[in-house]
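First up is the structure itself, then whatever we jot down about it.
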Number of protein chains: 2
Amino acid sequence: MATIDDVAKAAGVSTSTVSYVLSGKRPISAPTRARVERAIDKLGYRPHAGARALASSRTNVIALMAPLRVGVSVPVIMQFVAGVVTRARDFDHDVLLLTQDDVSGLDRVTGGSMVDALVMMDIEADDPRVPLVAAAKQPTVLIGLPQDPEGLSCVDLDFEAAGRLAVRHLAGAGHTDVALIGSPPEVLQRHTSYAERLMRGLRSQAKLSGVTVEVEACDSSPSGAASAVDTLLATAPDTTGIIVHNEGALPHVLSRLAERGIVVGTDMSVVAVCPTDVALSQRIPMTSIDLPAEGIGKVAVDMVMARLEGEHPSETRLLAPVLTERASSVSGPSDPLD
Amino acid sequence: MATIDDVAKAAGVSTSTVSYVLSGKRPISAPTRARVERAIDKLGYRPHAGARALASSRTNVIALMAPLRVGVSVPVIMQFVAGVVTRARDFDHDVLLLTQDDVSGLDRVTGGSMVDALVMMDIEADDPRVPLVAAAKQPTVLIGLPQDPEGLSCVDLDFEAAGRLAVRHLAGAGHTDVALIGSPPEVLQRHTSYAERLMRGLRSQAKLSGVTVEVEACDSSPSGAASAVDTLLATAPDTTGIIVHNEGALPHVLSRLAERGIVVGTDMSVVAVCPTDVALSQRIPMTSIDLPAEGIGKVAVDMVMARLEGEHPSETRLLAPVLTERASSVSGPSDPLD
DNA sequence: GTGAAAGCGCTAACAA
DNA sequence: TTGTTAGCGCTTTCAC
């Protein structure tokens, strides 16, 4: 491998000039720049990442701590990941992938200066990783919202507002008995931030709108979804509006309703909280509140990069939910979206 | 951040002693080791990854080039990824995630010495990435099988044998007209290695077993699956055995068959090629040839690490397919698995 | 607009 | 069993 000195020699300039041509941190005359660039091409020179990191304290790598966990929808995770990786490249950064079960990895990558910044997904209310990264020297953005962010930046869909919006939509359509078919029990037991926030919004709006709301946890399997539906209709037989916040279970919930002869969009209004592509690939187009997973991933990178550059203070960004009506819900007289 | 010199000073030893305590590359007396370790703990010392990489030409990072592509099943990809990440940690390595659309990334990470080795997924017959990594100094393992591996190691399920096995199973059960519902058109157009190999095995065994085999590409959407089923039954109405090699489409294929009043396991035998958990989460337990995605990911890491350590020559490992009979296929008189 | 040179924090000869 | 020290390849002051 050619080194920067080889390039300097070949171009007849000093090492620092080559370095500055590469970084653009000081003006270089056109002819010099041309000679250096020619030499770089000719030698196929690539700066050594480790050397660069050592000298500059910058790695051009960000860590992404992503869950590979039971109960979360893998395709949705991947949308977040895709957003993060893509946007990171826009900032000339690569992505080091950490998995949830590897909490010691946080120490390793931060303490060892392997990365310039971190993005963490699947945040729990009382997440043990938060104090760890809060103490690190690298800026971190959480996708999700812990009880106490300890000064870290956060970004997520405003699930509380989404819960309210969903109930408002159903109540506006005349439903008085609504229900949530929510995350798997494991997710709830972990006090995963989004699940709890959605429920909070749901309940507060239900009170305001004067509707009842029944909550069912729901495994993502066909049988789990079936039994959630069955239990729900046994416990609260008057339910006419369902909010489904479980991408994996959604198709099975719809199947079970169909099996029971319940026509979605007529007998039962269903609102899904999920990425739009998921909402559209069901047996009938779903009224849904979009979970813009890829977009959130991108915003997370934007935020972390902003903190890396200037002295941006940390902030929390909750994206406003957008509900799109489709075939799965009936629009009532006083629908607030009209 | 404390440096190795700080530790040495605190422990009253030389830098190299600390280094050797860390690496274990030379014997250290118990008391010395204890003093060094105490100092490390007290100072919260973490070796600087960049400095280490510069001095040792080892990064303890491997690159994983994973597809985020249309037509491939995201959950299955993630199983590969999980296998790679998990096993990499066993070798004290982290994983840098590259996406397919980022071919220049190969140059960047290899030329810049950002990684010790690479694992590449979703290999096409004539994959442009292969010559690139073949020229790199880092060892690479391909998950999949290009036309010409150019000296690189490969690992995958033996899809050709899987094709043969599936046909043998169906022919043995007395079926004379079988069909493949395969990958999406995009995957075929890319000449993705696994799709082509499965078809090759299918066709050769069909000839041997004296059965006909119809092939349908199949989009993973509900409507794509429905039309694949419809087209198939229009073109080859005598079909009584179907092999499905498309995780995303599988549930929709089964739904369509059900809609048409065709009872899987009785009127129609269906063999799936997919991970076992996918086979088991269908409406009926599927006879399947397991795609051990996570296992393949692990083997890929084992292979790449072997090449990194000793002077292991490169090799190709094709894992023998295993067919497990479940409810979706009838077992015939001369079934070779009896 | 350009160059010289002092580190960045480690590893691994080489020496003792 | 331990210490000394020369780099690894870059960035960035300082000097011109």
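Labels below follow one simple rule: chain letters A, B, ... track the order of the sequence lines, proteins then strands, and each chain is numbered from 1. Any value given below was found using the heavy atoms of this structure, including those in side chains, with hydrogens, waters and symmetry copies removed.
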Whether [X] contacts [N] is assessed here as follows: a side-chain N or O lying under 4.0 Å from the phosphate OP1 or OP2. Is that the case?
| X | N | result |
| --- | --- | --- |
| Y45(A) | dC10(D) | yes |
| R52(B) | dT11(C) | yes |
| S19(B) | dT11(C) | yes |
| S29(B) | dT2(D) | yes |
| T3(B) | dG9(C) | no |
| K25(A) | dT11(D) | no |
| S56(A) | dT11(D) | no |

Between atom [atom1] in [X] and atom [atom2] in [N], what is the gap in whole Å?
| X | N | atom1 | atom2 | result |
| --- | --- | --- | --- | --- |
| D116(A) | dT11(D) | CG | P | 14 Å |
| M114(A) | dC10(C) | CE | P | 14 Å |
| I40(B) | dG9(C) | CD1 | P | 16 Å |
| I28(A) | dT2(C) | CD1 | C1' | 8 Å |
| I4(B) | dG7(C) | CD1 | P | 19 Å |
| H48(A) | dT11(D) | NE2 | C1' | 15 Å |
| D5(A) | dC10(D) | CG | C1' | 9 Å |
| K9(B) | dC10(C) | NZ | P | 12 Å |

Subject >> Exercise: identify the closest heavy-atom pair between S56(B) and R52(B) >> reply: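 Looking at all heavy atoms of both residues, the shortest contact is OG-O, 2.6 Å.
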
By nearest atom, which of the nucleotides [options] is closest to the [X] side chain?
| X | options | result |
| --- | --- | --- |
| T17(A) | dC8(C), dT2(C), dA12(C) | dT2(C) |
| L54(B) | dG9(D), dT13(D), dC10(C) | dG9(D) |
| Y20(A) | dG7(C), dC10(C), dT12(D) | dT12(D) |
| A51(A) | dC10(C), dC10(D), dT12(D) | dC10(D) |

Subject >> I77(B) side, atom CD1; D122(B) side, atom CG - distance, nearest 0.5 Å >> reply: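 Between atom CD1 of I77(B) and atom CG of D122(B) there are 7.0 Å.
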
**OP:** With rounding to the nearest 0.5 Å, note down the distance linking CG in D94(A) to CG in L97(B).
**Re:** 9.5 Å

Subject >> Flag for K25(A)-S19(A): side-chain donor and acceptor within less than 3.5 Å >> reply: no

Heavy atoms only, 4.0 Å cut-off, all strands: where does [X] land among base, sugar-phosphate and nothing?
| X | answer |
| --- | --- |
| T32(B) | sugar-phosphate |
| R33(A) | nothing |
| R58(A) | nothing |

Subject >> side-chain contact (heavy atoms from CB on, under 4.5 Å) assessment of D107(A) paired with R46(B) >> reply: CA-CA 9 Å; D107(A) 247 43; R46(B) 294 268 168 197; 2.9 Å; yes

Original post:
Do S16(B) and dG3(D) share a donor-acceptor pair, side chain to base, under 3.5 Å?
Top reply: yes

Subject >> Whether over 12 other heavy atoms sit under 6.0 Å from D5(A) CG >> reply: yes

**OP:** Map R26(A) and L22(A) onto DNA chain D by nearest heavy atom, then report which one ends up closer to the 5' terminus.
**Re:** L22(A)

